[in-house]
Structures are given as C-alpha cells and as structure tokens.
Amino acid sequence: MTAGRPAWLLTPSGPVPYDRANEAMHALAERRLSDEIPDTVILLEHPPVFTAGRRAKAEELLWTEPGVVARGGLVRRIDRGGSFTFHGPGQLVGYPILGLGPKPDAGAYLRRLEEAVIRTCAELGASVTRRDDVQTGVWVGDEKICAIGVRLLRTRVTLHGFALNCDTDLSWFDGIVACGLPEHGVTSLTRTLGRDVTVEEVRPLLARNLADVFGVAFEAAPTDVASAFGPQRGASAMIA
C-alpha cells in the first residue's frame, strides 16, 4: 500500500447488526473529533436493513415495516444525508471516519470516495462512472452500483459512507425508491460482470484504493476498538 499517515482498518467477520455498527461508528467519530484516535475505516456487511437519510420521504418505503420485518429486515431512520437505501449480505459497506483538516471540503471528500470505488470496479473489469448530472455515487449507465451518503460531525469528521453492491440480492430494492430516484435502477458487480463477485474478493482491493486515494497507511485497530463491531477477519491480510 502507498505510504501515508497511519490509520486504522476494521474488517468485522460476518454481518454486523446495523444498530451495533451505527452506535460504534458514532462513538469512534466523537473520539476522532477529539483527536483521541487516528483516521479509521470500517469495511463490513450488514444483515438486511433499509436506512432512511434526512431527505427520505415516507412514501419511498414501498413495503410496510411489518412486511420488511417478516422478510427478515429492519427499517432505520438515521442522521446521514440522502434518502432510502438498502444494506444486506453481499454488499460491502464502508464507514470512513476521517478528519478533514482545518479547511474541510465535503464535495472533494465525496469525489474521493467515488474515485476509490471507481478504481476498484475497474480492477475487477467493470466500466463505471460518476454521474454529476444525477447524484453522488457510482453508476453503470442509469443503474447505481454504489450508493454514498455521509454526515460531517461539526463539519470536520466524516461518518456513514458508501455501499457497493457485490453479489447483493437486488430484489430487496423492490421495497424502496432507492436514493429517491424512481426512474433509475440498481445493479451489482455480479450482474454487471456476469460472474459471482463476492465481498471477500472486493474488500482488499477497496481497502488498498481507499488508502491510496486518502493517503493513509492502514494498520489493524486495537482489539478494544475492533471488539465493538464483533470478531475481526484479520485485517493484516489487507494491510500487507
């Protein structure tokens, strides 16, 4: 990986319940705001959950909440930007907790997130783009392959992040107007490339590209920090 300032990488093993991850992410963001910890990136999967950002409208949830629960999912209203999206197995979710310095530029931060995902998809053979004419994220034509929704804590520290569909069950997106864009669809790396593309294949590539784009050198987070997200899968394999 490209040399850079030290940062922590967390790679929990198995899907992490959304509420657990959300609480731990916010706690780390507060610690980063106080300069108690370095920049940190969490790369994980969640069990099925619809999350609604600050712009989400009630009518954009197309299934009833009891119907979502009956299918094994949850609905959560959260403090990021954007509208409804879905998280679930087969989707690589990234939560960068980064200090943006004395002159924070949210727009530049979003472009760098997109760039890391675009590089990763290109390495796998997928032709993707950003769509400034539509919305932040990464696209295959009119279909979104990676949603991005963030928050800046006191305009200085990032939280929430992105969700890249690898071999996600896309039928879950039938339950929402994804990202508030009824005229656009969603896709996955598996569907785009015509082969099974797993989170395990994508995770080390995306970790490396995040390190390059943000100029950090990842090291494994301390055990007491990582344990808040559950057992880890051995981040050292992606740091070497």
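FYI, the numbering just counts along the sequence from 1.
Atom CZ of Arg208 is separated from atom CZ of Arg119 by 10.0 Å, given to the nearest 0.5 angstrom. Of the inter-residue distances, the one linking Ser13 atom OG with Leu44 atom CG reads 11.5 Å to the nearest 0.5 angstrom. Rounding to the nearest 0.5 Å gives a distance of 8.0 Å between CZ of Phe162 and CD1 of Ile148. Rounded to the nearest 0.5 Å, atoms CZ (Arg151) and NE2 (His26) are 5.5 Å apart. Once rounded to the nearest 0.5 Å, the distance linking OG of Ser83 with CG of Leu61 reads 12.5 Å. With rounding to the nearest 0.5 Å, the separation of NZ in Lys103 from OG1 in Thr155 is 14.0 Å.
Shown here for Val16 and Pro12, the closest heavy-atom pair between the two residues is CG2-CB, 3.5 Å. Nearest approach of Ala220 to Trp8, heavy atoms of both residues: O-CD1, 4.2 Å. Between Ala178 and Phe173 the shortest heavy-atom distance is CB-CD2, 4.0 Å. When all heavy atoms of Val157 and Ala29 are compared, the pair lying nearest together is CG1-O, 3.9 Å. Across Ala221 and Leu10, no two heavy atoms sit closer than the pair CB-CD1, 3.4 Å. Taking each heavy atom of Leu9 and Ala207 in turn, the nearest pair found is CD2-CB, 4.2 Å.
Side-chain N/O atoms of Thr51 and Arg80 include a donor and acceptor closer than 3.5 Å.
Within a 6.0 Å radius of CD in Glu123, more than 12 heavy atoms belonging to other residues, nucleotides or ligands are found.
Gln91 contributes a side-chain N or O that, together with a main-chain N or O of Phe86, makes up a donor-acceptor pair within less than 3.5 Å. Checked by atom type and distance alone, the side chain of Thr85 never pairs as donor or acceptor with a backbone atom of Cys179 at under 3.5 Å. Side chain of Thr40 to main chain of Pro38: a donor-acceptor pair is present (N/O by atom type, distance under 3.5 Å, no hydrogens or angles). Put simply, the side chain of Thr187 never gets that close to the backbone of Ile145: no donor and acceptor are under 3.5 Å apart. Looking only at distances, no side-chain donor or acceptor of Glu114 sits under 3.5 Å from a matching main-chain atom of Val138. Asp167 places no side-chain N or O within 3.5 Å of a backbone atom of Thr198 that could act as its donor or acceptor partner. No donor-acceptor pair closer than 3.5 Å links the side chain of Ser188 to the backbone N or O of Thr168. Side-chain N or O atoms of Glu143 include none that pairs as donor or acceptor with a backbone N or O of Val140 at under 3.5 Å. Proximity of a side-chain donor or acceptor of Glu45 to a complementary backbone N or O of Gly90 within less than 3.5 Å is detected. Although no hydrogens or angles enter the test, the distance criterion places a donor-acceptor pair under 3.5 Å between the side chain of Arg203 and the main chain of Leu43.
The hydrophobic cluster containing Val202 also contains Leu210, counting ILVMFWY residues as joined when their side-chain heavy atoms lie under 4.5 angstrom apart, directly or transitively. Residues Leu164 and Trp172 fall into different hydrophobic clusters, defined by Ile, Leu, Val, Met, Phe, Trp and Tyr side chains chained together at heavy-atom separations under 4.5 Å. By the criterion of side-chain heavy atoms lying less than 4.5 angstrom apart, applied directly or through intervening Ile, Leu, Val, Met, Phe, Trp or Tyr residues, Leu28 is grouped together with Val93 in one hydrophobic cluster. Val128 and Leu110 fall within a single hydrophobic cluster, where Ile, Leu, Val, Met, Phe, Trp and Tyr are joined by side-chain heavy atoms under 4.5 Å apart, directly or via other members. Val177 and Val49 are assigned to two separate hydrophobic clusters, defined by single-linkage of ILVMFWY side chains at heavy-atom distances under 4.5 Å.
Between Tyr18 and His87, the two ring planes are parallel [angle under 30°; tilted spans 30° to 60°].
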Please walk me through it: do Leu124 and Arg195 pass side chain to side chain contact (heavy atoms under 4.5 Å, CB included)? CA-CA 11 Å; Leu124 293 162; Arg195 66 175 181 86; 3.9 Å; yes
Do Phe84 and Phe50 pass the ring pair (Phe, Tyr, Trp, His ring centres under 6.0 Å) test, and can you show the C-alpha distance, the side-chain angles, and the key distance before you say yes or no? CA-CA 7 Å; Phe84 272 99; Phe50 292 126; 7.1 Å; no
From CA spacing to verdict: side chain to side chain contact (heavy atoms under 4.5 Å, CB included), Lys144, Asn165: CA-CA 9 Å; Lys144 185 175 277 192; Asn165 295 325; over 6 Å; no
Could you please spell out the steps behind the side chain to side chain contact (heavy atoms under 4.5 Å, CB included) verdict for Val150 and Thr136? CA-CA 10 Å; Val150 305; Thr136 297; over 6 Å; no
Between Glu23 and Arg76, does the salt bridge (charged side-chain N to carboxylate O under 4.0 Å, His left out) criterion hold? Intermediate values first, please. CA-CA 13 Å; Glu23 180 180 358; Arg76 293 291 184 263; over 6 Å; no
Test salt bridge (charged side-chain N to carboxylate O under 4.0 Å, His left out) applied to Glu115 and Arg111, step by step: CA-CA 6 Å; Glu115 180 62 24; Arg111 299 293 84 76; over 6 Å; no
Go through the steps to decide whether Ile97 and Ile42 satisfy the test side chain to side chain contact (heavy atoms under 4.5 Å, CB included), and finish with yes or no. CA-CA 8 Å; Ile97 301 171; Ile42 305 119; 3.7 Å; yes
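Residues Asp142 and His184 meet the side-chain proximity criterion, which asks for heavy atoms closer than 4.5 Å. Residues Pro96 and Phe214 fail the side-chain proximity criterion, which asks for heavy atoms closer than 4.5 Å. In this structure, Leu62 and Asp174 have side chains that are not in contact, with every pair of non-hydrogen atoms separated by 4.5 Å or more. The closest side-chain heavy-atom distance from Glu30 to Glu36 is not below 4.5 Å.
Evaluated for a salt bridge (Lys or Arg N to Asp or Glu O under 4.0 Å) with Asp39, the options Arg31, Arg156, Arg32 yield exactly one hit, Arg32.
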